[in-house]
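Step one of this worksheet: look at the structure below.
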Amino acid sequence: MLDLRFIRENTAAVRRAISDKQMPDALEKLDQLLLVDEEHRLLKRDLEEKQAERNANARLVGQLKREGADAGELMAAMAALSDEVKRLEDRERSLQTQLDALLLEVPNLPHASVPYGESEHDNVVAKEWGAKPTFAFEPRPHWELMTARGWVDFEVGVKVTGAGFPVFKGTGSRLVRAMRNYFLDRLAAAGYLEVVPPLMVNAASATATGQLPDKEGQMYEVTDGFFLIPTSEVPVTNVHRDEILAVEELPIKYTAFTPCFRREAGSHGKDVRGLNRVHQFDKVEMVQFCAPERSYEALEEMTRIAEGFLEELGLAYRRLLMCTGDLGFTQAKKYDLEVWSPGQARWLEVSSVSNMEAFQASRLRTRARPGGVTGKGKTEPVHTLNGSALAFPRTIAALVETYQDADGAVRVPEALREYLGVARLE
RNA sequence: GGAGAGGUGUCCGAGUGGUUUAAGGAGCACGCCUGGAAAGCGUGUGUGUGGGGAUACCUGCACCGAGGGUUCGAAUCCCUCCCUCUCCGCCA
């Protein structure tokens, strides 16, 4: 979240950012926040004054009693003050609760380099790589290719769970496993520490990374107050919640392979055909905690890593710089990578790399200082970033469509051969 | 799931209603000492938020797992929840 004092002192900039992000509801929250903040600050001064008086007198009572003197009169006089303190404390608590809730509703500011735009149509194509493949035959979409060979079974997924839960089988399943090892090996070599996080998180974690409040509808909520993770960003970023990191250890880089669960309510049509949009999918994620002055360097680095995978796999892609209107609530800057799907003649988003700056770190109460928790000096903010490298189903879709032969077999790009052990998926 | 014990600062650890502004120790930092170091001695050492002087200064308030309550006053008493440990049960 944004720092309350920052909001107070830069209200115009915050207002502007909210409207650039096309989040009108947040404007109302901001106005409420400023009102509550004003009342809260006034009340708190009054309260603290009375608390100080109460504390002093309570101490005096103790002293009188120790000396054997009669404290009855003072204690009686204290009752009224004490009631007043209690009343003010109740009010203060209520205002603090409101403040906390409202603060969670104010979105992050876009970075200065983010272009203005009202919607996804205004995103900027920052680069394109690779030639879209051409075919001597009509390329088929992945759902035809993969179901024909039994690599994925949508119908059995419907039976077992419901729509959007495809079942990978045989060669399809091995492809998933190969990609998992391929991505993780490369990321480990790039200095990312591999972790296997929980697939369910509590509300505190979901709040810290920004899924709550308001976006609970996008997650599956299970019993005991847990949520299935929509991305491993949530559990992995929360690893350092409530911690003071050592500046010397930054940047801290993690990678994780996990399934991701998304309700995707309201999606329909060609968007959800085949593997385009499913409720459960695998993804390898990168997460980074770094010094503020390095975070935009890190954003480029992480984006390059994700692009490197697509280049190694020989898949045509483009990088989009997201405009203000398509930035998420927590994000200051974001790149999306879209891979070309020849069988569908459209772009598919396979990666999203974002810099949250200090926004998540503030919700996480993660900060840094030389020497870490036992170190000296003031704590400093850290920046958090995350990015997919890559989302599996769409990458698989683009891969089989790109490398399909007329007979429906699929050539295996060089990078994956050592992991699959074959040059062609028959 | 049942029974019991327990959660105190970076760590260990005292503390069952009032000189605790959280004892003491360890660690860490700085200083003294030393040829240099160790030992020794001294000083300092949390987070958050507000006020004042506004670099390293002073000061209010809150925080002893979390949240409520009792009281003039709560780490200490009561309630709810979370977590850890031991034993039992169940179990991949």
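Just so we're on the same page: letters track the sequence lines, and every chain starts at 1.
Annotation: cation-pi pair A:K333/A:Y296 absent, no NZ/CZ under 6.0 Å from the ring centroid and within 45° of its normal.
Rounded to the nearest Å, the gap between the C1' atom of B:rA22 and that of B:rA14 is 10 Å. Distance check on atom C1': B:rC72 versus B:rU80 gives 27 Å, rounded to whole Å. The P atoms of B:rG13 and B:rG89 are separated by 31 Å, rounded to the nearest whole Å. Taking the C1' atom of each, B:rG6 and B:rG65 are spaced 11 Å apart, rounded to whole Å. The separation of B:rG46 from B:rC11, taken at their C1' atoms, amounts to 13 Å, rounded to a whole angstrom. B:rG68 and B:rU76 have their P atoms separated by 14 Å, given to the nearest Å. For the P atoms, the distance linking B:rG4 with B:rU59 amounts to 48 Å, nearest Å. B:rC63 and B:rG9 have their P atoms separated by 15 Å, with the value rounded to a whole Å.
Nucleotide B:rG44 forms a pair with B:rC28, judged by Watson-Crick or G-U wobble geometry with both contacts under 3.5 Å. Remark: B:rA56 base-pairs with no nucleotide; criterion is Watson-Crick or G-U wobble with both hydrogen-bond distances under 3.5 Å. Here B:rA5 sits opposite B:rU84 as a Watson-Crick or G-U wobble pair (both hydrogen-bonding atom distances under 3.5 Å). Here B:rC77 sits opposite B:rG69 as a Watson-Crick or G-U wobble pair (both hydrogen-bonding atom distances under 3.5 Å). Both distances falling under 3.5 Å, in either a Watson-Crick or a G-U wobble arrangement, occur for no nucleotide opposite B:rG89.
Computed from coordinates, the A:R41 CZ to B:rA62 P distance equals 20 Å when rounded to whole Å. Straight-line distance from the CG atom of A:D242 to the P atom of B:rC82: 19 Å, rounded to whole Å. Atom C1' of nucleotide B:rG60 and atom CG of A:L43 are separated by 15 Å, given to the nearest angstrom. The CG-P distance, from A:L42 to B:rG60, rounds to 22 Å in whole Å. Regarding A:K65, its NZ atom lies at a distance of 14 Å from the P atom of B:rU71, rounded to whole Å. Between the CG atom of A:L81 and the C1' atom of B:rC72 there is a distance of 9 Å, given to the nearest Å. Atoms CZ (A:R241) and P (B:rG65) sit 18 Å apart, rounded to a whole Å. B:rA74 atom C1' lies 14 Å from atom CZ of A:R59, rounded to whole Å.
Annotation for A:Q288 and A:Y192: closest pair NE2-OH, 3.2 Å, computed over non-hydrogen atoms. Nearest heavy-atom pair across A:L299 and A:S354 is CD1-C, 3.7 Å.
Distances from the side chain of A:A58 to the nucleotides B:rU10, B:rG60, B:rG18 place B:rG18 closest. In this structure, of B:rU10, B:rG60, B:rU71, it is B:rU71 that holds the atom nearest to the side chain of A:K86. Comparing B:rG18, B:rG73, B:rG50 against the side chain of A:V61 picks out B:rG18 as the nearest. For A:E48, taking side-chain heavy atoms from C-beta onward, the closest of the listed nucleotides B:rG60, B:rC72, B:rU21 is B:rG60. When the nucleotides B:rG50, B:rC72, B:rG60 are ranked by their closest atom to the side chain of A:R54, B:rC72 comes out on top.
Although no hydrogens or angles enter the test, the distance criterion places a donor-acceptor pair under 3.5 Å between the side chain of A:N123 and the main chain of A:E120. Listed for the A:T366 side chain is a donor-acceptor partner under 3.5 Å among the backbone atoms of A:H240.
Contact annotation: A:T97 does not reach the phosphate of B:rG67 (side-chain N/O to OP1 or OP2, under 4.0 Å). Side-chain nitrogen and oxygen atoms of A:R5 include none within less than 4.0 Å of the OP1 or OP2 phosphate oxygen of B:rU49. Put simply, A:S82 has a side-chain N or O that comes within less than 4.0 Å of OP1 or OP2 on B:rG73. Dashed line: the shortest gap from a side-chain N or O of A:R93 to OP1 or OP2 of B:rA62 is not under 4.0 Å. Phosphate proximity of B:rC61 to A:N55: present, with a side-chain N or O under 4.0 Å from OP1 or OP2. At least one side-chain nitrogen or oxygen of A:R367 sits closer than 4.0 Å to the OP1 or OP2 atom of B:rG48.
Ring centers of A:F183 and A:F392: under 6.0 Å apart, within the cut-off.
In this structure, A:A79 and A:Q51 both approach RNA chain B, and ranking their closest nucleotides by distance from the 5' end singles out A:Q51. In terms of position on RNA chain B, the residue among A:A56 and A:G62 whose nearest nucleotide sits closer to the 5' end is A:G62.
Around the CZ atom of A:R304, the shell of radius 6.0 Å holds more than 12 heavy atoms that belong to other residues, nucleotides or ligands.
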Next on the checklist: Could you go through A:S205 and A:N202, starting from their C-alpha distance and side-chain angles, then the distance that decides it, and tell me whether this counts as side-chain hydrogen bond (donor to acceptor under 3.5 Å, both in side chains)?
Outcome noted: CA-CA 6 Å; A:S205 290; A:N202 55 33; 3.2 Å; yes
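Between the side chain of A:K44 and the base of B:rG50, no donor-acceptor pair under 3.5 Å is found.
Residue contacts for A:M78: at a heavy-atom cut-off of 4.0 Å it reaches the sugar-phosphate backbone alone, with no base atom in range.
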